[in-house]
Amino acid sequence: MTPTVKAILANYESDNPGTKGNLARILMQGKLGGTGKLLILPVDQGFEHGPARSFAINPPAYDPHYHYQIAIDAGLSAYAAPLGMLEAGADTFAGQIPTILKVNSSNSWASAIDQAVTGTVDDALRLGCSAIGFTIYPGSDDVFEMMEEIRELSAQAKAVGIATVIWSYPRGGKLTKAGELALDVGAYAAHMAALLGAHIIKVKLPTDHIEQEDAKAAYKDGDWSTQAKRVAHVVQSSFAGRRIVVFSGGASKGSDAIYQDARDIRDGGGNGSIIGRNTFQRPRGEALAMLEKIITIYKGEV
């Protein structure tokens with residue numbers, strides 16, 4: 001284990017050796033192992049958007065084994081997916097890549113800004129997962145129930161030595177569409193995930209928009225002109241960097257934009273990326289080349 005990883009684990013002062021060991025599995029895995037940077041493949045979009053919208057552009061991606069294999073071949077830190085996706089390859093790929101069981105999910109027809117609990121800590125144990133993953137929607141009328149659900153699930157996971165990853169995506173209530181990506185809102189969302197006991201926090205890259213009237217005075221003298229500076233503020237809001245923060249890849253975009261995001265995350269002190277559609281919606285060879293470039297960016301080699 002590297003000094004960098006030891007320093008990160010030291011920030012989790014209440015956790016047992018099992019949980020720290022599972023965090024170490026993720027932090028020491030793959031081509032970024034030991035650097036403190038992470039590159040994670042999440043494939044929950046079939047639930048969220050439907051199979052054709054997610055995979056028709058690259059038909060091999062309908063197969064759960066495809067995602068396990070690309071995460072392994074690319075040298076990624078972990079692979080995150082809902083219960084059925086992990087079950088479909090759990091034996092073939094056992095021990096080859098740390099896995100994160102996404103334990104709640106929604107779908108594109110739902111009118112409520114909420115997710116159903118679709119997996120359990122027992123499932124995560126049975127499948128040998130290093131962590132559970134859970135989405136909350138700060139701003140939603142249903143967020144308080146979601147917070148109570150992750151409180152219970154996270155307590156169960158920590159008791160048996162499994163880490164917790166929280167996807168914190170502001171949405172609903174009085175938030176505007178611009179507000180969902182606002183700097184003040186994103187930093188608040190990351191802080192909420194930290195307060196809920198997340199070991200790893202997943203948020204979206206923020207814009208320079210400030211949404212909350214009551215927050216504008218606190219931000220008026222800051223320089224938020226670059227994405228790296230905005231990343232640094234989100235990291236600061238996550239217990240002054242005492243929690244691992246990764247940023248979502250978002251909607252499909254060009255390679256140059258993805259590479260610039262990685263540079264900004266690196267320069268702002270973020271811990272890395274969790275990239276789904278921008279990975280599996282590309283042909284395998286193109287995806288592997290793109291992931292390799294992102295890894296070299298996080299290593300500071302380009």
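Count residues from 1 along the sequence. Computed over heavy atoms, backbone and side chain alike; hydrogens, waters and symmetry mates excluded.
- Judged by distance alone, the side chain of T296 and the main-chain N or O of K293 form a donor-acceptor pair under 3.5 Å.
- Heavy-atom minimum distance, G249 versus N278: O-ND2, 3.4 Å.
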Quick one, K102 with N104, criterion side chain to side chain donor-acceptor pair (under 3.5 Å). Give me CA distance, side-chain angles, the key distance, then yes/no. CA-CA 6 Å; K102 186 68 166 52; N104 71 338; 3.0 Å; yes

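- The hydrophobic clustering, which links ILVMFWY residues whose side-chain heavy atoms are closer than 4.5 Å, places V185 and M147 apart.
- The cluster map of Ile, Leu, Val, Met, Phe, Trp and Tyr, joined by side-chain heavy atoms under 4.5 Å apart, puts V160 and I150 in the same cluster.
- Judged by distance alone, with hydrogens and angles left aside, the side-chain atoms of K37 form no donor-acceptor pair with the main-chain N or O of L32 at under 3.5 Å.
- In this structure, S106 and E48 have side chains that are in contact, with non-hydrogen atoms separated by less than 4.5 Å.
- What you find for H209 and A178 is that their closest heavy atoms are CD2-O, 3.7 Å.
- Note on ring orientation: taking the six-membered ring where Trp is involved, the planes of W224 and H233 are tilted (angle from 30° to 60°).
- The hydrophobic clustering, which links ILVMFWY residues whose side-chain heavy atoms are closer than 4.5 Å, places F239 and V245 apart.
- Considering all non-hydrogen atoms of both residues, S273 and I265 come closest at OG-CD1, 3.7 Å.
- Taking a 6.0 Å sphere around NZ of K6, one finds it holds 12 or fewer heavy atoms contributed by other residues, nucleotides or ligands.
- Between K158 and D15 there is no salt bridge, since no side-chain nitrogen of the basic residue lies less than 4.0 Å from a carboxylate oxygen of the acidic one.
- Environment of CG in L195: crowded, with over 12 heavy atoms of neighbouring residues, nucleotides or ligands closer than 6.0 Å.
- Rounding to the nearest 0.5 Å places CD1 of I8 at 5.5 Å from CG of N271.
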So Y68 and D63, side-chain contact (heavy atoms from CB on, under 4.5 Å) or not? Walk me through it. CA-CA 9 Å; Y68 271 102; D63 185 349; over 6 Å; no

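- Under the 4.5 Å side-chain contact rule for hydrophobic residues, F144 and L153 share a cluster.
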Please step through side-chain contact (heavy atoms from CB on, under 4.5 Å) for the pair I162 and L125, ending with a clear verdict. CA-CA 8 Å; I162 294 175; L125 275 173; 3.8 Å; yes

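- Contact detail for I132 and I100: the closest heavy-atom pair is C-CG2, 3.8 Å.
- For K229 and D264, the salt-bridge test fails: no basic side-chain N is under 4.0 Å from an acidic carboxylate O.
- For the pair I201 and I244, the minimum side-chain heavy-atom distance is 4.5 Å or more.
- To the nearest 0.5 Å, atoms OG (S248) and CZ (R277) are separated by 8.0 Å.
- In this structure, the separation between OG1 on T279 and CG on L41 is 5.5 Å, given to the nearest 0.5 Å.
- For the pair K299 (side chain) and I294 (backbone), a donor-acceptor distance under 3.5 Å is absent.
- Under a 3.5 Å cut-off, the side chain of D142 and the backbone N or O of E145 do not form any donor-acceptor pair.
- Between the CG atom in L83 and the CG atom in D44 there is a gap of 13.5 Å [rounded to 0.5 Å].
- The residues D261 and K253 are annotated as salt-bridged, a charged nitrogen and a carboxylate oxygen being separated by less than 4.0 angstrom.
- In this structure, L181 and P206 have side chains that are not in contact, with every pair of non-hydrogen atoms separated by 4.5 Å or more.
- You'll find the ring centres of F280 and F55 inside the 6.0 Å limit.
- Remark: the backbone N or O of G197 is not paired with any side-chain donor or acceptor of R151 at under 3.5 angstrom.
- The shortest distance between side-chain heavy atoms of L23 and I200 falls below 4.5 Å.
- When the shell of 6.0 Å around CG of D223 is examined, it contains more than 12 heavy atoms from other residues, nucleotides or ligands.
- Counting only distance, with no hydrogens or angles, the side chain of Q227 and the backbone of L205 share no donor-acceptor pair below 3.5 Å.
- In this structure, D73 CG and L291 CG are separated by 11.0 Å, a value rounded to the nearest 0.5 Å.
- Note: F93 and H65 have perpendicular aromatic rings, judged against thresholds of 30 and 60 degrees for the angle between ring planes.
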Side chain to side chain donor-acceptor pair (under 3.5 Å) between S140 and R171, intermediate numbers included: CA-CA 6 Å; S140 164; R171 193 174 300 171; over 6 Å; no

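- When all heavy atoms are compared, the tightest approach of M146 to I113 is SD-O, 4.5 Å.
- A ring-centre distance under 6.0 Å is not found for F134 and W167.
- Between the side chain of N58 and the backbone N or O of A61, no donor-acceptor pair lies under 3.5 Å.
- Contact check on E180 versus K204 returns no salt bridge, with no Lys/Arg side-chain nitrogen under 4.0 Å from an Asp/Glu carboxylate oxygen.
- Residues V165 and H199 fail the side-chain proximity criterion, which asks for heavy atoms closer than 4.5 Å.
- Side-chain contact check for K31 versus E292: some heavy-atom pair is nearer than 4.5 Å.
- Between R282 and S255 the shortest side-chain heavy-atom distance falls below 4.5 Å.
- L27 is listed as a side-chain neighbour of L9, based on a closest heavy-atom distance under 4.5 Å.
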When you look at I40 and Y79, which way does the side-chain contact (heavy atoms from CB on, under 4.5 Å) test go after all the steps? CA-CA 6 Å; I40 297 170; Y79 167 48; over 6 Å; no

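- We find the OG-NE2 distance between S108 and H49 to be 8.5 Å, quoted to the nearest 0.5 Å.
- Cation-pi geometry between R263 and Y298 is not met at under 6.0 angstrom from the ring centre and within 45 degrees of the axis.
- T120 pairs with exactly one of D123, T118, D122 by the side chain to side chain donor-acceptor pair (under 3.5 Å) rule, that one being D123.
- The main-chain N or O of T135 is never found under 3.5 Å from a side-chain atom of Q115 such that the two would form a donor-acceptor pair.
- Ion pair R126/E87 flagged as a salt bridge, since at least one NZ, NE, NH1 or NH2 atom sits closer than 4.0 Å to an Asp/Glu carboxylate oxygen.
- Between the side chain of Y137 and the main chain of G172, no donor-acceptor pair closer than 3.5 Å is present.
- The backbone N or O of T92 sits less than 3.5 Å from a side-chain atom of Q96, completing a donor-acceptor pair.
- Within the cation-pi definition used here (under 6.0 Å to the ring centroid, within 45° of the axis), K202 does not qualify as a partner of F247.
- There is a path of hydrophobic side-chain contacts, each under 4.5 Å, that joins I70 to M290.
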Before you tell me yes or no, could you show the steps for T19 and N16 under side chain to side chain donor-acceptor pair (under 3.5 Å), namely the whole-Å CA-CA distance, both residues' side-chain angles and the distance that decides it to 0.1 Å? CA-CA 6 Å; T19 303; N16 60 39; 3.0 Å; yes

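- Across every non-hydrogen atom of G186 and V203, the tightest pair is O-CG1, 4.4 Å.
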